[in-house]
Amino acid sequence: MLPRTSIPSGRLLQGGVAVVAGLALMTGVAWACPPGQPGHDETKQAAAGGEGTSGGHAGHYHRADAATTKKSEAVKGVRRVGGVPEAKGAISLMFMDYGHGRHQRTIMYATGEFGLKAYDITADPKVPKLVGQLNMPGMWETEDTDFDPKRKIIYLSRDPRAFGGDTQTGESGIYVVDASKPESLRQITYVKVPAGHTTTCVNDCKYLWTGGPAKADWMPADWGGRPVWVTDVRDPAKPKVHKDPIDTGRNDGKTDYTHDIQVDSNGVAWASGRGGVRGYYTTGRHYDPVEKKRRTATAVDPVPYAGGGLDEATTNSTFMHNSYRAVGRTKNQAADPRRWGNGKLLYITEETFNDGCANDGLLVIASLKGSYGGEGWRSTPEHKFRLHTVGTWGVAGKEGSDPESTDCSAHYFDVRDGIIVQSFYSQGTRFLDVRDPTNPRQLAYYRPADAASWQPYWHGKYVYVADNTRGIDVLEPTFR
């Protein structure tokens, strides 16, 4: 994915004032320790039917023990030039530009277990300056947070495990935050949504797609997880949640956990989760290979495009976490399109935590060939369709890795000029040359002793890493 650049009742207090009381009144949820702390361990989540199961999405409750047991570090081809240690609990970052010309400034937003923080990086990108915040202690999960750069609105996705809840009975939804003034962040509104792990803008941020996590008690017994619910935010003060979910039947016909959505440069929305990755048109008239007719695509009734499950022989699970497709204006960002085609490959994170580092999640590169006829929507356990795997890369046994770590799954990544920078939790941040997708090659790595790397972002000449234990690291690649 390329870097994301750039009053109603229940409104939160502004300018960094704590909003705990307001949120508690609005949601009726008791406050407790943040997820990942005692009381929210992986074992309890597994017992409760959450994500802490083999082949699942355990990493988000898998708190690495690097700070207490690991002493080594490894760094090559990159140097740390700055950081924000006070942003501990960071999960996601965004970059938003304000003003024009010599008056333009860039604000980096960090989301995480603390809520939302605004940092000005205009004067010195290496030294982010805190200018505003919206305190929401115990918030979960705000992963891969999305925003509207035109209306200056941030959408925080509330997982049912936030504020001491659980997947069976906890409340999920979306906080709509006005970021027009970074120094005075304010909540516009909050809307309950049946899903609530990640929220992504589609159709120029007029609509939101929200997916995950594991299913609630009231959901159908044969579901394996929550699909996607669509929210109309054309009027951000009055969001409207569409009653019927989409991206159903994603796991060989079974409705399962849709984890996250990335929208490519051609406007195709790629939904990743258990069962693979499938892309949808959300605007325009297109041929629907499932219904076998041309029809108009909308955010609430998208048209299938391509994609499907991943080959089990080349992956360690069926859980695909996020994806990226280099196409259109971004066609030159990954493999050479003259050889591999414009938009013919998907770059995918498989996230899973199995026994042994070598069995954890990988970076997977797959071909979309043969998936344009609706095969990914007709796949069944008896007649499976799988994308062809072109290449994979895992951190186990690679230079710079800690052989004692059991926290080795791939996580979010960002792409620029043929280089993927990817988080691998306690195995740190890795820089991979993917210009030859059949043979991804490590160029550099940054693995501090207490690493818990969740999501890296190219921005300018630096890479900003949201690290859940360290806060934010500002890295400068030196391998070029």
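All figures in this text were calculated on a predicted structure; none of them were measured in a lab.
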- Note on the structure: Interatomic distance, OG@Ser157 vs CE@Met139, rounded to 0.5 Å, equals 7.0 Å
- Message: With a 4.5 Å cut-off on side-chain heavy atoms, are Ser367 and Trp340 touching?
- Response: no
- Drop me the distance from Tyr207's OH to Lys240's NZ, to the nearest 0.5 angstrom. 9.5 Å
- Is a salt bridge present between Asp247 and Arg250, judged by a nitrogen-to-oxygen distance below 4.0 Å? yes
- Task: In plain terms, say whether Asp124 and Lys126 are close enough for a salt bridge, that is, a side-chain N and a carboxylate O under 4.0 Å apart.
- Result: yes
- Hey, are the side chains of Met96 and Ile154 touching, using non-hydrogen atoms and a 4.5 Å cut-off? yes
- 4.5 Å side-chain heavy-atom contact, Leu185 and Tyr109: yes
- Message: I'd like to check Arg161 versus Thr167 (side-chain heavy atoms, cut-off strictly below 4.5 Å). Are they in contact?
- Response: yes
- Would you please indicate yes or no on a ring centroid separation below 6.0 angstrom for Phe431 and Phe479? yes
- Can you name the nearest heavy-atom pair linking Pro182 to Ala118, along with the distance? O-CB, 3.9 Å
- Query: Any chance CZ of Arg79 has more than 12 other-residue heavy atoms, nucleotides or ligands included, within less than 6.0 Å?
  - Reply: no
- Message: Tell me whether Arg151 contacts the main-chain N or O of Cys205 through its side chain, where contact means a donor paired with an acceptor under 3.5 Å.
- Response: yes
- Task: Just do the side-chain contact (heavy atoms from CB on, under 4.5 Å) check on Glu113 and Trp140 with the steps written out, would you?
- Result: CA-CA 6 Å; Glu113 298 170 43; Trp140 196 257; 3.5 Å; yes
- Anything under 30° is parallel, anything over 60° is perpendicular, the rest tilted; go ahead and classify His321 against His411. tilted
- Message: For Tyr425 and Phe353: C-alpha separation, side-chain torsions, deciding distance, then whether ring pair (Phe, Tyr, Trp, His ring centres under 6.0 Å) applies.
- Response: CA-CA 11 Å; Tyr425 287 109; Phe353 292 86; 5.3 Å; yes
- Task: Classify the side-chain pair Arg430/Ser401 by whether it contains a donor and acceptor separated by less than 3.5 Å.
- Result: yes
- Check: Leu116 main-chain N/O paired with Thr111 side-chain donor or acceptor under 3.5 Å: no
- Query: Using 4.0 Å as the upper bound for N to carboxylate O, is an ion pair formed by Arg105 and Glu183?
  - Reply: yes
- Message: Restricting to non-hydrogen atoms, name the atom on Ala110 and the atom on Tyr119 that form the minimum distance, rounded to 0.1 Å.
- Response: CB-CE1, 4.2 Å
- Item | Donor-acceptor contact below 3.5 Å, side chain Arg325 vs main chain Gly343 | yes
- Message: Under a 3.5 Å distance rule, please check whether Ser371 uses its side chain to pair with a backbone N or O of Gly307 as donor and acceptor.
- Response: yes
- Asn203 side chain vs Lys206 backbone, donor-acceptor pair below 3.5 Å: no
- Message: Would you call the rings of Tyr347 and Tyr324 parallel, tilted or perpendicular, taking 30° and 60° as the class edges?
- Response: tilted
- Judged by atom type as modelled, is there a donor-acceptor pair below 3.5 Å linking the side chain of Asp473 to the main-chain atoms of Val465? no
- Message: Just by distance, no angles: are the side chains of Thr142 and Ser92 close enough, under 3.5 Å, to form a donor-acceptor pair?
- Response: no
- Query: Under 3.5 Å, is there a donor-acceptor pair linking the side chains of Thr296 and Arg285?
  - Reply: yes
- Item | Backbone of Ile261 reached by a side-chain donor or acceptor of Thr200 within 3.5 Å | yes
- Message: Would the distance check show the side chain of Gln262 and the main-chain N or O of Ser323 forming a donor-acceptor pair, the cut-off being under 3.5 Å?
- Response: yes
- Message: Does any part of the side chain of Phe147, heavy atoms only, come nearer than 4.5 Å to the side chain of Val177, both counted from C-beta?
- Response: no
- Query: Is Leu208 close to Cys201 at the side-chain level, that is, under 4.5 Å between some pair of heavy atoms?
  - Reply: yes
- Query: Can you tell me how far CE of Met108 sits from CD1 of Ile472, rounded to the nearest 0.5 angstrom?
  - Reply: 3.5 Å
- Task: Decide whether Asp467 and Thr469 meet the rule of one side-chain donor and one side-chain acceptor closer than 3.5 Å.
- Result: yes
- Note on the structure: Minimal heavy-atom distance between Leu362 and Gly394, with the atoms involved, is CD2-CA, 3.6 Å
- Message: Is it the case that over 12 heavy atoms from other parts of the model lie below 6.0 angstrom from the NZ atom of Lys398?
- Response: yes
- For residues Gln455 and Asp144, is any side-chain donor paired with an opposing acceptor at under 3.5 Å? yes
- Item | Spatial distance of atom OG (Ser272) from atom NE2 (His259) [nearest 0.5 Å] | 9.0 Å
- Query: Would you call the rings of Tyr305 and Trp270 parallel, tilted or perpendicular if under 30° counts as parallel and over 60° as perpendicular?
  - Reply: perpendicular
- Query: Do the non-hydrogen side-chain atoms of Ile246 and Pro302 ever get within less than 4.5 Å of each other?
  - Reply: yes
- Query: Can you say whether the rings of Tyr464 and Tyr462 are parallel (under 30°), tilted (30 to 60°) or perpendicular (over 60°)?
  - Reply: perpendicular
- Could Arg441 and Asp433 be called an ion pair, given the rule that one side-chain N must be under 4.0 Å from one carboxylate O? yes
- Query: With no hydrogens and no angle check, do the side chains of Asp407 and Ser405 hold a donor and an acceptor under 3.5 Å apart?
  - Reply: no
- Query: Counting N and O atoms only, with roles assigned by atom type, does the side chain of Arg226 sit under 3.5 Å from a partner on the main chain of Ala214, one being a donor and the other an acceptor?
  - Reply: yes
- Task: Could you tell me whether the side chain of His286 reaches within less than 4.5 Å of the side chain of Arg295, counting heavy atoms only?
- Result: no
- Task: Fit a plane to each ring of Tyr280 and Trp209, take the angle between them on a 0 to 90° scale, and name the class: parallel (under 30°), tilted (30 to 60°) or perpendicular (over 60°).
- Result: perpendicular
- Classify the side-chain pair Thr106/Asp97 by whether it contains a donor and acceptor separated by less than 3.5 Å. yes
- Quick one: pull up CG in Leu310 and CG in Leu346 and give me the separation to the nearest 0.5 Å. 8.5 Å
- Answer with yes or no whether the side chains of Asp260 and Tyr412 bring together a donor and an acceptor at under 3.5 Å. yes
- Least distance between heavy atoms, Pro456 atom then Ser423 atom: CD-OG, 3.2 Å
- Message: Do Thr210 and Thr199 pair up side chain to side chain, a donor and an acceptor below 3.5 Å, judged on atom types alone?
- Response: yes
- Message: Donor-acceptor check, side chain of Lys152 to backbone of Pro149, threshold 3.5 angstrom: yes or no?
- Response: yes
- Message: Testing the basics here: between Asp436 and Thr438, what is the closest heavy-atom pair and its distance to 0.1 Å?
- Response: OD1-OG1, 2.6 Å
- Task: To the nearest 0.5 angstrom, please state how far the CG atom of Leu363 sits from the OG atom of Ser409.
- Result: 11.0 Å
